[in-house]
Protein chains: 2
Amino acid sequence: MAKKNIEETIINAAAKIFLEKGMDGARMQEIAKAAGINQAGLHYYFRSKERLFNTVMKKRVRAFFRSFAETLPQADDFETFLKSFIENYLDHINKHVLFMRFVIWEVQRGAPIMSEAMKEAVDGGDLPLNMFLEKIKIAQEAGIVRVVDPTQFMITTVSACIFPFIARPVLENVFQFSVTGNEFLRMRKEEIYRVLWNGIKKQ
Amino acid sequence: MAKKNIEETIINAAAKIFLEKGMDGARMQEIAKAAGINQAGLHYYFRSKERLFNTVMKKRVRAFFRSFAETLPQADDFETFLKSFIENYLDHINKHVLFMRFVIWEVQRGAPIMSEAMKEAVDGGDLPLNMFLEKIKIAQEAGIVRVVDPTQFMITTVSACIFPFIARPVLENVFQFSVTGNEFLRMRKEEIYRVLWNGIKKQ
DNA sequence: GTCTATACATCGATAGAC
DNA sequence: GTCTATCGATGTATAGAC
């Protein structure tokens, strides 16, 4: 296997373990096994656990931020835009639940690389938030939606989307519900769109 | 100091460290120091790290669930009820950000005690969710609010409340904002109430 | 019950043969 | 570049004096 391929294999295996267990809970031995090499090989390629962690995270954060663009619909009509965004974004979240929960935890836990990687991704223009915010402003000026702070509305939107998924194991205990992943996804798409569109549209 | 008092002191010190660092990242030495004793004393009182962790969590989860009742307002009028609930609940969250983020992380990480403690608290009736859900149903029957699934609406409400706080370090990077805690709290109270009330009220 | 000293286990990292 | 063997550091846990 070529060197680049091995490094790629290690990074993917490491990402899986790190996302599940966190930096503190992850074991180099487990990563090595998942990558199909031994622990000495792991150190040969990445020198230390910290360097491996940093490499993995820089790559993942950037890729994750970039992929946000794919959730942004083309529609000019704000209602259609919002509905499509919620559907796309929930599908997107559904694929990255582990990563999002992990980032929230590791950032507060104090891993310096996380903030650094996010800052780089934001400064590098990997996260096109402005398009969403502009859509709101345009709809406000057109009198389609109420005048609200666009950033606050967007925070509310992503909160309603992300939280039920990253906290799902907790919610299942608290609300004592039990539905399949697909059913839950479908219900959330409907609920969030209805509440948010009614919540922001002009009567 | 009486035995009960020392145990209490240790539990509080341990909770602080566990919530910040997680089970894997917490160190017995650090907990001992924070409790003002040495590591041998820690083991004398709680035998092992796992037992200490379990004791702390059972206590905290139950207390946290119980305190939810304090966020439930008395108001009969649903609009007033919702507005007050959001304000109370955000104040409540603001005091327990570390704990909530920690629970979400540890539950997925696989700490068996967490699910167990939650189940006990729920089964013990420590979490009076029904009052909130009943309020929605009554308002629906009275024609005050639209017909929605009460559980889904409640999930949306708590999501909009909790997420911005547990993910705040991330949001600050992503949205590049920087306001004081109090200012952020005030803005969220206003935003969530406006969007959710408009989102559910009958036109 | 509380201390010091230390045993014991685990993990990250490296040396050195191949 | 990859392996086995092992070092050294760190962290949990305990023995035993007081």
Side-chain angles (χ1 to χ4, degrees), chain A residues 1-60 102 105-106 109-114 116-117, chain B residues 1-60 102 105-106 109-114:
Chain A
M1 192 160 25
K3 185 175 175 181
K4 276 291 162 196
N5 275 344
I6 294 185
E7 287 181 0
E8 201 66 29
T9 304
I10 295 174
I11 286 176
N12 289 333
K16 183 172 159 16
I17 311 286
F18 279 136
L19 263 49
E20 281 172 11
K21 313 264 175 93
M23 168 68 162
D24 291 332
R27 294 290 162 254
M28 292 297 267
Q29 172 54 35
E30 196 180 357
I31 293 171
K33 192 183 171 189
I37 57 173
N38 63 33
Q39 216 170 326
L42 208 49
H43 280 86
Y44 173 78
Y45 281 101
F46 290 92
R47 218 183 136 73
S48 75
K49 186 181 182 182
E50 195 185 354
R51 276 169 188 260
L52 175 58
F53 185 76
N54 292 358
T55 306
V56 170
M57 290 312 140
K58 286 212 177 191
K59 212 176 162 79
R60 283 275 161 145
F102 166 86
W105 172 252
E106 289 290 329
R109 215 249 321 156
I113 187 67
M114 301 306 296
E116 197 186 303
Chain B
M1 192 160 26
K3 186 175 174 180
K4 277 291 163 198
N5 275 344
I6 293 186
E7 287 180 1
E8 201 65 30
T9 304
I10 293 175
I11 285 176
N12 289 333
K16 183 172 160 16
I17 310 285
F18 279 136
L19 264 48
E20 281 172 12
K21 312 263 175 96
M23 168 65 163
D24 292 331
R27 293 292 162 253
M28 293 296 268
Q29 173 53 36
E30 196 180 356
I31 293 172
K33 192 183 171 190
I37 56 172
N38 62 32
Q39 218 169 325
L42 208 49
H43 280 86
Y44 172 78
Y45 281 101
F46 291 92
R47 217 183 143 72
S48 75
K49 185 181 181 181
E50 194 186 352
R51 275 168 189 261
L52 175 58
F53 184 76
N54 292 358
T55 306
V56 170
M57 290 313 139
K58 286 212 178 192
K59 211 176 162 77
R60 283 275 161 146
F102 166 86
W105 172 252
E106 289 290 330
R109 214 249 322 157
I113 188 67
M114 300 306 294

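Each chain gets a letter, A, B and so on, in the order its sequence line appears, and its residues count up from 1. In this text the structure is predicted, and so the values were computed from the model without any measurement.
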Q) To the nearest angstrom, how far is B:Lys21 atom NZ from D:dT12 atom C1'? A) 17 Å
Q: Take atom CD1 of A:Ile37 and atom C1' of D:dT4, then tell me their distance rounded to the nearest Å.
A: 15 Å
**Q.** Atom-pair distance (OH on B:Tyr45; P on D:dT14), nearest Å
**A.** 17 Å
Q) Of all residues at least two apart in sequence or in a different chain, which pass the side-chain hydrogen bond (donor to acceptor under 3.5 Å, both in side chains) check with A:Lys58? A) A:Glu116, A:Glu120
Q. Ring pair (Phe, Tyr, Trp, His ring centres under 6.0 Å) with B:Phe53: which residues, sequence neighbours excluded?
A. B:Phe18
**Q.** Interatomic distance, B:Arg51 CZ vs D:dT12 C1' [rounded to whole Å]
**A.** 15 Å
(Q) Across nucleotides 11-18 of chain C, 5' to 3', mark each nucleotide with B, S or - according to how protein heavy atoms within less than 4.0 Å reach it. (A) SBBB----
**Q.** Pairs touching residues 40-56 of chain B that satisfy salt bridge (charged side-chain N to carboxylate O under 4.0 Å, His left out), sequence neighbours left out
**A.** none
Q: Work out which heavy atom in A:Met57 is nearest to a heavy atom in A:Ala117; give both atom names and the distance.
A: O-CB, 4.4 Å
Q.
Suppose the criterion is salt bridge (charged side-chain N to carboxylate O under 4.0 Å, His left out): which pairs have a residue in residues 14-35 of chain B, not counting sequence neighbours?
A. B:Lys16-B:Glu20, B:Lys21-B:Glu30, B:Asp24-B:Arg109
Q: Please state how far atom CG in B:Leu42 lies from atom P in D:dT14, giving the value in whole angstrom units.
A: 12 Å
Q.
So, using side-chain contact (heavy atoms from CB on, under 4.5 Å) as the criterion, who are the partners of B:Ala40 when residues are at least two apart?
A. B:Asn38
Q: Grab the CG-P distance between B:Asn38 and D:dA15 for me, whole Å please.
A: 16 Å
